[in-house]
Colleague: 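Have a look at this one.
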Amino acid sequence: MKLLVTGGAGFIGSAVVRQAIRDGHEVVNVDALTYAACLDNVAEVAEAPGYAFEQADIRDRAALDRIFAAHAPDAVMHLAAESHVDRSIDGPGTFIETNVMGTFHLLEAARAYWQDKGRPESFRFHHISTDEVYGSLGPNPETDGQFTEDTPYDPRSPYSASKASSDHLVRAWHETYGLPVVLTNCSNNYGPFHFPEKLVPVVILRALAGAPIPVYGKGENVRDWLYVEDHADALLTVVQKGEIGRSYNIGGENEAQNIELVRTICAILDEKRPGNAAYAEQITFVDDRPGHDLRYAIDPTRISEELGWRPSVTLEQGLEKTVQWYLDNEDWWRALQDREGVGQRLGKAG
Ligand SMILES: NC(=O)c1ccc[n+]([C@@H]2O[C@H](COP(=O)([O-])OP(=O)(O)OC[C@H]3O[C@@H](n4cnc5c(N)ncnc54)[C@H](O)[C@@H]3O)[C@@H](O)[C@H]2O)c1
């Protein structure tokens, strides 16, 4: 397939681009190159014959029309977004502009292109979203359950509200105009090329720097952790085999409290790069994020039973690979540490 991937210079988008090229697809990577982007993430495929890069903003309709006409994609995989919850608390406007208005412009450009081509049913608009649209679960996996595709939307942060809005737009463009869409909502990703403001790289890099490792509140918040390469594999499965109009929850079957996750990373580092003291001694509890959702958990039954997809690694295996990657790729993360806001406490809401 020829895939138009938005946000392909970001963390998850770049994993999709690398995997798609390895699988023999053609890729047009459309990215505005915001603070969160890094073209080194796709360096391994930059010279591949099936790869093209277009620097463009998804809010720029004229640029999108030109890109659709020039590349004639078979499918869109839409990952471009503002993605950091803490930044959405400090500055929600960009989240509304990119995640809501950007998705609107991309849908309109895709619809015009699809209609011009005679409305082929084989076309796909795959919207990549998050489990955060469902809100927060109670603490007990036995009694409080997991998110299914039928869980009502209940977003609580500016980020998750903007993603929920974009999901609604995508469903509406299917119902109203017949655009052949699929949606996915996935849990927290981690893995290589994760921007150094997100929890897993923050823990690794603070530990290596001998600095306090910040944990919000008491570290009791629970997330389901998904290795980014497993996520890329799931997304490529859904864009090819997913049923039109349907959404799929994607999880790693790896629920963990933040404090457990942080302690596991510290223990892996103790093995791989022993210091004078255990890295866990650097853990420091800090003021919680306002409106911090307590627990997210994914029921992955639909994608597993209908499309035969399962995650390939456990959390321990994925963290082991991730820590090793950060130890081996110091040049990559050092170059990003000077970017605006990185290393600062964001999202305290005054
Ligand atoms: N990271 C996670 O754990 C996670 C979990 C669930 C869902 N998601 C979703 O997956 C997608 C990718 O997340 P990520 O973590 O890779 O994000 P990221 O922040 O690492 O990358 C986002 C990319 O989008 C680009 N971008 C931002 N605004 C743009 C615009 N206006 N026009 C064009 N490009 C723009 C950026 O330059 C960057 O390359 C997002 O839609 C996010 O909501 C992420």
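Atoms within a ligand are numbered from 1 in the order they appear, just like the ligands themselves.
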Colleague: Counting heavy atoms only, which part of Y159 comes closer than 4.0 Å to ligand 1: side chain, backbone, both or neither?
Modeller: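 Only the side chain of Y159 comes within reach of ligand 1.
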Colleague: Suppose we measure from atom 31 (N) of ligand 1 to each protein heavy atom; which comes out shortest, and what is that distance?
Modeller: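 Looking only at protein heavy atoms, the one closest to atom 31 (N) of ligand 1 is D57 OD1, 3.0 Å.
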Colleague: For R310, is the CZ atom crowded, meaning more than 12 foreign heavy atoms sit under 6.0 Å from it?
Modeller: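 Atom CZ in R310 is not packed in, count stays at 12 or less.
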Colleague: Would D40 and W332 satisfy side-chain hydrogen bond (donor to acceptor under 3.5 Å, both in side chains), going step by step from the backbone distance to the final call?
Modeller: CA-CA 8 Å; D40 290 346; W332 180 86; 5.2 Å; no
Colleague: Which of the listed options, A81, A36, S160, holds the heavy atom that is closest to atom 22 (C) of ligand 1?
Modeller: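 Residue with the shortest heavy-atom distance to the ligand atom: A81.
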Colleague: Would you say ligand 1 has an N or O under 3.5 Å from any N or O of I58?
Modeller: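 In this structure, I58 places an N or O atom under 3.5 Å from an N or O of ligand 1.
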Colleague: Among all protein heavy atoms in this structure, tell me which lies nearest to atom 5 (C) of ligand 1, with the distance rounded to 0.1 Å.
Modeller: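 In this structure, atom 5 (C) of ligand 1 has S187 O, 3.4 Å as its nearest protein heavy atom.
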Colleague: Cut-off 3.5 Å, no hydrogens considered: what does the side-chain donor-acceptor table look like for residues 185-192, sequence neighbours left out?
Modeller:
residue, atom, partner, partner atom, Å
N185, ND2, T130, O, 3.0
N185, ND2, D167, OD2, 3.2
S187, OG, D224, O, 3.1
S187, OG, D224, OD2, 2.9
N189, OD1, H231, ND1, 2.8
N189, ND2, S187, O, 2.9

Colleague: Could you list which atoms of ligand 1 come closer than 4.0 Å to a heavy atom of K163?
Modeller: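 Result: 40 (C), 41 (O), 42 (C), 43 (O).
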Colleague: Evaluate the salt bridge (Lys or Arg N to Asp or Glu O under 4.0 Å) criterion for residues E108 and R111: first the C-alpha distance (whole Å), next the side-chain angles of each, then the deciding distance (0.1 Å), finally the verdict.
Modeller: CA-CA 5 Å; E108 281 294 82; R111 179 166 78 92; 2.9 Å; yes
Colleague: Just jot down the ligand 1 atoms closer than 4.0 angstrom to any heavy atom of L33, in number order.
Modeller: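 Listed by number with element, the hits are 37 (O).
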Colleague: Can R156 and E132 be counted as an ion pair, charged N to O under 4.0 angstrom?
Modeller: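 Salt bridge flag = no for E132 with R156.
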Colleague: Does the distance from a Lys or Arg side-chain N to an Asp or Glu carboxylate O, for R339 and E197, drop under 4.0 Å?
Modeller: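 The answer is no: the pair does not qualify as a salt bridge.
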Colleague: Quick test of your reading of the model: are D144 and R295 salt-bridged, counting only N-O distances below 4.0 Å?
Modeller: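 R295 and D144: not salt-bridged.
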Colleague: Does even one non-hydrogen atom of Y35 get within less than 4.0 Å of ligand 1?
Modeller: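 For ligand 1, residue contact (heavy atoms, under 4.0 Å) with Y35 is absent.
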Colleague: Tell me which one of I12, L39, L106, I128 gets a heavy atom nearest to atom 14 (P) of ligand 1.
Modeller: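 It is I12 that holds the nearest heavy atom.
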Colleague: Check contact between A56 and ligand 1, using heavy atoms of the residue and a distance below 4.0 angstrom.
Modeller: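 So A56 counts as touching ligand 1.
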Colleague: Could you list the atoms of ligand 1 found under 4.0 angstrom from a heavy atom of N188?
Modeller: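 Here the atoms of ligand 1 in question are 3 (O).
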Colleague: Is it true that F195 and Y35 have ring centroids separated by less than 6.0 Å?
Modeller: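 For F195 and Y35, the ring centres are under 6.0 Å apart.
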Colleague: Any non-hydrogen atom of C38 lying under 4.0 Å from ligand 1?
Modeller: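 The answer is no: ligand 1 sits nowhere under 4.0 Å from a heavy atom of C38.
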Colleague: With only distance considered, is S129 within less than 3.5 Å of ligand 1 through an N or O on each side?
Modeller: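 It does not: no N or O of S129 is found under 3.5 Å from an N or O of ligand 1.
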Colleague: Do W114 and Y177 have ring centres separated by under 6.0 Å?
Modeller: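 Ring centroids of W114 and Y177 are no less than 6.0 Å from each other.
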Colleague: Tell me whether the centres of the aromatic rings in H168 and Y153 are closer together than 6.0 Å.
Modeller: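 Yes.
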Colleague: Using distance alone, determine whether D31 and ligand 1 share an N or O pair under 3.5 Å.
Modeller: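 Yes.
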Colleague: Which residue holds the protein heavy atom closest to atom 12 (C) of ligand 1, what is that atom called, and what is the gap in Å?
Modeller: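 Ranking protein heavy atoms by distance from atom 12 (C) of ligand 1, first comes L79 O, 3.4 Å.
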Colleague: What protein heavy atom sits nearest atom 17 (O) of ligand 1, and how far away is it?
Modeller: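 Ranked first by proximity to atom 17 (O) of ligand 1 is S83 OG, 3.3 Å.
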Colleague: Check ligand 1 against T130 and write out every atom of the ligand that is under 4.0 Å from a heavy-atom position of the residue.
Modeller: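 Once the distances to T130 are compared, the set is 6 (C), 7 (C).
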Colleague: Look at atom 35 (C) of ligand 1 and say which protein heavy atom is nearest, naming residue and atom and giving the distance to 0.1 Å.
Modeller: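 Protein heavy atom with the smallest distance to atom 35 (C) of ligand 1: A80 CB, 3.7 Å.
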Colleague: Quick check: Y296 with Y134 (ring centres under 6.0 Å apart)?
Modeller: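 No, too far apart.
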Colleague: Should you measure from each heavy atom of A37, which atoms of ligand 1 turn up under 4.0 Å away?
Modeller: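 Once the distances to A37 are compared, the set is 37 (O), 39 (O).
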Colleague: Pick one of side chain, backbone, both or neither for how N189 approaches ligand 1, counting any non-hydrogen atom pair under 4.0 Å.
Modeller: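 Both backbone and side chain.
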Colleague: Below the 3.5 angstrom mark, is there an N/O of E82, backbone or side chain, next to an N/O of ligand 1?
Modeller: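 No, no N or O pair falls under 3.5 Å.
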Colleague: Can we say R87 and E82 salt-bridge, meaning some charged N sits less than 4.0 Å from an Asp/Glu carboxylate O?
Modeller: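 No, this pair does not count.
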Colleague: So for T6, does at least one of its heavy atoms come nearer than 4.0 angstrom to any atom of ligand 1?
Modeller: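 It does not; every heavy atom stays at 4.0 Å or beyond.
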Colleague: Please report whether ligand 1 has a polar contact with G10, defined as an N or O pair separated by less than 3.5 Å (distance criterion only).
Modeller: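 Yes, at least one N or O pair falls under 3.5 Å.
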Colleague: Can you check whether D131 has an N/O within less than 3.5 Å of an N/O in ligand 1?
Modeller: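 Such a contact does not occur with ligand 1.
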Colleague: Between H71 and E54, do the side chains contain an N or O donor and an N or O acceptor separated by less than 3.5 Å?
Modeller: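 A donor-acceptor contact under 3.5 Å links the two side chains.
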Colleague: Going by the atom numbers of ligand 1, which of them fall below 4.0 Å from some non-hydrogen atom of C186?
Modeller: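 Close to C186: 5 (C), 6 (C), 7 (C).
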Colleague: Apply side-chain hydrogen bond (donor to acceptor under 3.5 Å, both in side chains) to residues T103 and H127 and explain how you reach the verdict.
Modeller: CA-CA 9 Å; T103 300; H127 180 60; 4.9 Å; no
